[in-house]
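As structure tokens, the structure follows; a few thoughts come after it.
As the structure lists them, so they are numbered: ligands from 1, and atoms in each ligand from 1.
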Amino acid sequence: MNKDIATPIRTRGILDKYGFSFKKSLGQNFLIDTNILKRIIDFAEIKEDTGAIEIGPGIGALTEQLARSSKKVVAFEIDQRLLPILADTLSPYSNVKIIHQDVLKADVNGVIKEEFNEISDVMVVANLPYYVTTPIIMKLLEEHLPIRGIVVMLQKEVADRISAKPGTKEYGSLSIAIQYYTKAETVMIVPKTVFVPQPNVDSAVIKLTRREKPAVQVKNETFFFQVTRTSFAQRRKTILNNLTSGLPEGKQKKNEIVEALNKLGIDPTRRGETLSLEEFAGLADELYTYFH
Ligand code: SAM
């Protein structure tokens with residue numbers, strides 16, 4: 001077997017060979033610990049017949065481990081300077097395809113159809129660029145991709161918000177949006193020392209398992225998300241105040257909002273962070289008739 005890319009010595013050798021300089025603006029923090037990568041692969045339950053989508057392969061540290069354990073890897077990389085490096089480091093693996101594209105602009109559904117047409121088990125696995133963690137995860141979920149789930153490294157603070165439960169200070173519209181589509185768990189906390197260069201923040205790995213059906217049924221998804229976002233607009237305000245000042249025509253419809261809250265047995269002085277997903281779903285459905 002070839003030597004792992006993700007060791008401090010091999011990584012340094014590759015970076016020196018190509019005179020590569022990190023771009024902070026692209027969130028380039030490369031992993032140099034093979035054990036962490038193997039644990040990521042285990043959490044993702046990658047099998048011989050799994051198709052893996054990676055975002056940001058860097059110099060190929062994770063891509064290599066995915067190539068060894070999965071059927072095929074398709075990786076999106078935005079930084080052109082990495083393409084010749086990846087062609088070199090991943091040359092022993094014939095089951096890897098690198099797509100030079102910003103993943104936020106990519107037709108991921110189309111790529112899955114084209115590249116994984118004979119594969120039924122698809123996972124997204126990545127050490128994400130931290131400047132765009134949330135937009136990337138939301139794009140993958142909102143596009144309803146035919147995937148089993150997502151296992152990604154990200155900032156610990158964002159992982160805490162994603163998997164937060166009601167009643168905690170981390171719980172907010174991001175927790176709701178992600179838990180609506182998936183079962184979310186933080187599976188590993190990762191020290192800064194396993195990256196070059198070391199990031200400024202602590203990291204964690206989260207596992208998002210796609211639900212067959214969303215966690216709650218709502219009349220209108222867009223309005224449900226609007227209600228949840230509005231409810232957290234100012235965290236110290238009550239649910240009633242956030243909804244009246246944040247929903248279009250909320251002020252004129254204050255009585256209706258109070259009526260909806262009362263009907264559901266939700267005290268209007270509660271704060272958004274205390275409402276469960278089910279309560280938000282009921283509230284959005286109740287308000288929907290008044291606002292449409
Ligand atoms: N996977 C490698 C590893 O674990 O060592 C590198 C991870 S590094 C945290 C993030 C990678 O994402 C970098 O290679 C960066 O160039 C790439 N990247 C940043 N923004 C991107 C985007 N919008 N689309 C695709 N790749 C992106």
Side-chain angles (χ1 to χ4, degrees), residues 3-15 18 20-44 46 52-70 73-90 93 96-108 111 123-140 143 145 150-159 188 190-206:
K3 269 197 280 168
D4 289 321
I5 296 169
T7 63
I9 292 176
R10 175 102 199 272
T11 296
R12 179 45 53 206
I14 295 166
L15 297 175
Y18 288 92
F20 184 82
S21 54
F22 294 101
K23 268 199 190 148
K24 220 178 158 184
S25 61
L26 290 180
Q28 292 179 336
N29 301 95
F30 296 169
L31 276 165
I32 48 164
D33 186 319
T34 313
N35 286 328
I36 300 272
L37 290 168
K38 290 193 169 136
R39 290 186 67 195
I40 293 176
I41 304 277
D42 285 347
F43 286 125
I46 301 295
I53 298 192
E54 189 190 355
I55 294 146
I59 58 169
L62 174 59
T63 327
E64 170 182 70
Q65 303 295 333
L66 287 167
R68 286 183 192 156
S69 49
S70 72
V73 189
V74 175
F76 293 92
E77 175 55 62
I78 199 171
D79 187 350
Q80 183 154 23
R81 300 172 309 151
L82 288 165
L83 302 188
I85 307 184
L86 287 163
D88 176 5
T89 59
L90 298 174
Y93 308 98
V96 176
K97 174 159 184 171
I98 306 292
I99 299 180
H100 175 218
Q101 203 174 13
D102 176 347
V103 71
L104 291 174
K105 300 194 179 131
D107 172 13
V108 184
V111 167
M123 276 301 277
V124 176
V125 186
N127 169 20
L128 289 177
Y130 290 0
Y131 75 105
V132 276
T133 322
T134 314
I136 290 176
I137 297 178
M138 289 316 298
K139 172 189 162 89
L140 298 174
E143 291 185 357
L145 304 176
I150 302 177
V151 171
V152 283
M153 176 92 71
L154 35 55
Q155 307 91 311
K156 180 178 175 302
E157 172 263 327
V158 179
M188 178 165 53
V190 180
K192 295 174 188 164
T193 48
V194 301
F195 300 90
V196 279
Q198 293 190 14
N200 298 326
V201 295
D202 289 326
S203 300
V205 174
I206 54 160

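Between atom CD of residue Q155 and atom CG of residue L128 there is a gap of 8.5 Å, rounded to the nearest 0.5 Å. Rounding to the nearest 0.5 Å places CG of L104 at 11.0 Å from CZ of F76. Summarising the geometry, atom OG belonging to S69 is positioned 10.5 Å from atom CD belonging to E64; distances are rounded to the nearest 0.5 Å. Between atom CG of residue D4 and atom NZ of residue K38 there is a gap of 5.5 Å, rounded to the nearest 0.5 Å. From I85, atom CD1 reaches atom CG of L82 across 5.0 Å, with rounding to the nearest 0.5 Å. Atoms CG and OH, on D88 and Y18 in that order, are 3.0 Å from each other to the nearest 0.5 Å.
Heavy atoms of M153 found under 4.0 angstrom from ligand 1: none, in either backbone or side chain. Residue contacts with ligand 1, taken as heavy atom pairs separated by less than 4.0 Å, involve P57 solely via the backbone atoms N, CA, C and O.
For K97, the NZ atom counts as loosely surrounded, since its 6.0 Å shell holds 12 or fewer non-hydrogen atoms of other residues, nucleotides or ligands.
Atom 19 (C) of ligand 1 has its closest protein heavy atom at L26 O, 3.2 Å. Taking atom 4 (O) of ligand 1 as the reference point, the nearest protein heavy-atom neighbour is N127 ND2, 2.9 Å. With respect to atom 26 (N) of ligand 1, the closest heavy atom belonging to the protein is I78 N, 3.4 Å. The protein heavy-atom contact nearest to atom 12 (O) of ligand 1 is G56 CA, 3.1 Å.
Considering backbone and side-chain N/O atoms, N29 never comes within less than 3.5 Å of an N/O atom of ligand 1. Checking only distances, D79 never comes within under 3.5 Å of ligand 1, N or O to N or O. Taking distance alone, with nitrogen or oxygen atoms compared against 3.5 Å, L31 approaches ligand 1 more closely than that limit. Annotation: L104 places no N or O atom under 3.5 Å from an N or O atom of ligand 1; distance criterion only.
Taking every heavy atom of Y131 and a limit of under 4.0 angstrom, the matching atoms of ligand 1 come to 19 (C), 20 (N), 21 (C), 23 (N). Per-residue contacts place Q28 under 4.0 angstrom from the following atoms of ligand 1 (heavy atoms of the residue considered): 13 (C), 15 (C), 16 (O). Atoms of ligand 1 lying under 4.0 Å from at least one heavy atom of G27, given by number and element, are 8 (S), 9 (C), 10 (C). Here is the list of ligand 1 atoms found below 4.0 Å of a heavy atom in D102: 22 (C), 23 (N), 24 (N). Under a 4.0 Å criterion applied to the non-hydrogen atoms of F76, ligand 1 contributes the atoms 25 (C), 26 (N). Heavy-atom proximity to E54, at under 4.0 Å, picks out these atoms of ligand 1: 1 (N). Under a 4.0 Å criterion applied to the non-hydrogen atoms of E77, ligand 1 contributes the atoms 13 (C), 14 (O), 15 (C), 16 (O), 17 (C), 26 (N). Listed by number with element, the atoms of ligand 1 under 4.0 angstrom from any heavy atom of Q101 are 24 (N), 25 (C).
In this structure, L128 counts as a contact residue of ligand 1, since one of its heavy atoms falls inside 4.0 Å of the ligand. Within the structure, ligand 1 lacks V132 among the residues with a heavy atom less than 4.0 angstrom away.
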Practice task
Any chance you could lay out the side chain to side chain contact (heavy atoms under 4.5 Å, CB included) test for I32 and F195, step after step, and finish with the verdict?
Solution key: CA-CA 6 Å; I32 48 164; F195 300 90; 5.9 Å; no

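Under a 4.0 Å N-O distance rule, the pair R39/D33 does not qualify as a salt bridge.
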